[in-house]
Amino acid sequence: MPGLQTVYKEMTAFFQPLWPGEDKPLVLGEGKADAPVLMLIGEAPGETEVLKRRPFVGKAGKNLDEFLLLAHLNREDIFVSNVVKIRPTELGPTGRTRNRAPNKEELSLFTPWLLKEIGAVAPKALVTLGNVPLKALTDGKAAVGDCHGQWLNSRAGIPLFSLYHPASIIYRRALAPVYEQDVLALAQALKCLP
Ligand code: URA
């Protein structure tokens, strides 16, 4: 199994020529890269993540800190990454660049690299945030509305725990207690992992 730095080197070489003339830097994963208790997987980096070349900083970083506090974990003890490593953007009605959901092409380009990344990191458990990583790592039929708070088998051969994306709670406040309950159930389950 190639190490993480080898995977990232190969991935960077693969993506560099794909979008000539466009500024699409890769935001790679970070954290404990050798068999952490869990690997947290989001959708794609946003503006701040690209500026800092780090996943889950800015507003998403605040969400992550809340997750870590609830789950009694430290950021240094886990690995954090995204399915898609570039920021998917579009022009909004006022001409400003804004985030959009990753499209099919981006998902099919990046998912094989995510599987290699997971293989190199070898976490004990995967935690997906929202539908994008959940669908990338299962057969594509699972939906977070049905599967949140549950353990599923993943395509990576590592148990996967499905959570809502913390950003979705901003739009649907009713999900906040559900999300909290799910994170507490995850924290409880992590105590029992071998
Ligand atoms: N920032 C990330 O790195 N990932 C997300 O899914 C959202 C914001």
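Both counts, for ligands and for their atoms, begin at 1 and track the order of listing.
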- Message: Using a strict threshold of under 4.0 Å (side-chain N to carboxylate O), is an ion pair present between Arg98 and Glu90?
- Response: yes
- Query: Which residues pass the side chain to side chain donor-acceptor pair (under 3.5 Å) test with Arg172, sequence neighbours left out?
  - Reply: none
- Partner residues of Glu43 under the side chain to side chain donor-acceptor pair (under 3.5 Å) criterion, sequence neighbours left out: none
- Task: Applying side-chain contact (heavy atoms from CB on, under 4.5 Å) between Leu68 and each of Val183, Leu73, Asp77, report the one that passes.
- Result: Leu73
- Task: Non-hydrogen atoms closer than 4.0 Å to ligand 1: which protein residues do they belong to? List them by chain and number, please.
- Result: Gly42, Glu43, Ala44, Pro45, Glu49, Pro55, Phe56, Ala60, Asn82, His165
- Query: Which atom pair, heavy atoms only, marks the closest approach of Ile41 to Leu126?
  - Reply: CD1-CD2, 3.9 Å
- Of all pairs that satisfy salt bridge (charged side-chain N to carboxylate O under 4.0 Å, His left out), the ones with a partner from residues 111-130, not counting sequence neighbours: Lys85-Glu117
